[in-house]
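Just so you know, these numbers use all the heavy atoms, side chains as well, and skip hydrogens, waters and symmetry mates.
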Amino acid sequence: MSTVKSADGTTIAFEAWGTGRPLILVDGATAHRAVNPSNAEVAKLLSDEFRVYAYDRRGRGESTDTAPYAIQREIEDLAALIEDAGQPAIVFGWSSGSLLALDAAAAGLPITALALFEPPVVVDDSRPPLPSDYVEQLDAFVAAGRRDQAAELFMTAAAGMPPEFVAGIRQSPYWAPVEEVAHTISYDGRIMGTTMSGNPLPADRWAAVDVPVLVMHGDATAPFLITGSQAVADLLPTATLKPVPGENHNVEPPVLAPALRQFAHEV
């Protein structure tokens, strides 16, 4: 494990594989290196050509945290990793990490290209929108010491799981790691903002993004993730949409890695 210091003094833990052009992988909600082996698998598959970074977003895994939270702090975390790489990077975002990657590019970080997988925006009535007070509910649960309730709210309201399915997860080994980082779920809620409201995406949020963008979605995924990916691609003049045959929201590393390699060659 290696670390960098973010602008506010937060320690960001990461691993890096290979040499060459830097490629930074940004996780979505609740994920970090200890619970998401996919990033390491993707990194190893690309390490012959790229220096691939997988890191723990602040408040998760072996990274520290500094209050108060702001999206800008996570952009600064990415900036510290790019500085460690020593040159502009390609950035890949999974799920809600896609929007963080877009925000970082819009903020002017030295990013040469963006690859996004299934940004979980909700722009139609294909599923219920996120409650307008979602972040406030999460913050209240965490403040009351009820991280379990915050995790359950995320799984039902954001991920769209039936309550009876979540009840089963509570009894599984998967539950404890999610509850452990449940205080960070509101971070992703803030990043998502109004993009899961069922309304069109804000036209100006990523207007400054002028680098090539690849937006991918599995063709076997939830319908709202397909329409959401299409909406993000349509919003960005430099974007290309790429359906990935047979995949869903948990795209397999042997499928994702070649897609990222091809995109990197094209840009």
note = Applied to residues 27-54, the ring-ring contact (aromatic ring centres under 6.0 Å, His included) test, sequence neighbours excluded, yields F14-Y53

ask   = Thinking salt bridges, do R60 and D77 make one under a 4.0 Å N-O criterion?
value = no

request  = May I ask you to test the L260-L45 pair for a side-chain heavy-atom distance under 4.5 Å?
outcome  = no

If you look only at distance, which donor and acceptor atoms sit under 3.5 Å apart when one is on a side chain in residues 210-218 and the other is two or more places apart or in another chain?
none

message = So T227 and S126, do their side chains get closer than 4.5 Å, heavy atoms only?
response = yes

ask   = Got a second to check how far L241's CG is from D234's CG, nearest 0.5 Å?
value = 7.5 Å

request  = Nearest 0.5 Å please: distance from the CG atom of L99 over to the OG1 atom of T195.
outcome  = 5.0 Å

ask   = Just by modelled atom types, is the G93 backbone N or O under 3.5 Å from a matching donor or acceptor in the S98 side chain?
value = yes

request  = Take D65 and R73, measure what salt bridge (charged side-chain N to carboxylate O under 4.0 Å, His left out) needs, and give me the verdict at the end.
outcome  = CA-CA 10 Å; D65 204 356; R73 303 290 82 77; over 6 Å; no

request  = Among residues two or more places apart or on two chains, list those pairs meeting ring-ring contact (aromatic ring centres under 6.0 Å, His included) that have a residue in residues 152-195.
outcome  = Y69-Y187

Min side-chain heavy-atom separation I12-R58 under 4.5 Å = yes

Test item: side-chain donor near acceptor, T66 and T10, under 3.5 Å = yes

message = Counting C-beta onward and ignoring hydrogens, is there a side-chain heavy-atom pair between F92 and L256 closer than 4.5 Å?
response = yes

inquiry  = I'd like to check V26 versus R57 (side-chain heavy atoms, cut-off strictly below 4.5 Å). Are they in contact?
reply    = yes

message = Nearest 0.5 Å, please: how far is CZ in R205 from CG in D103?
response = 4.0 Å

K44 and E41: CA distance, side-chain angles, deciding distance, salt bridge (charged side-chain N to carboxylate O under 4.0 Å, His left out) verdict = CA-CA 5 Å; K44 291 171 185 175; E41 294 176 37; over 6 Å; no

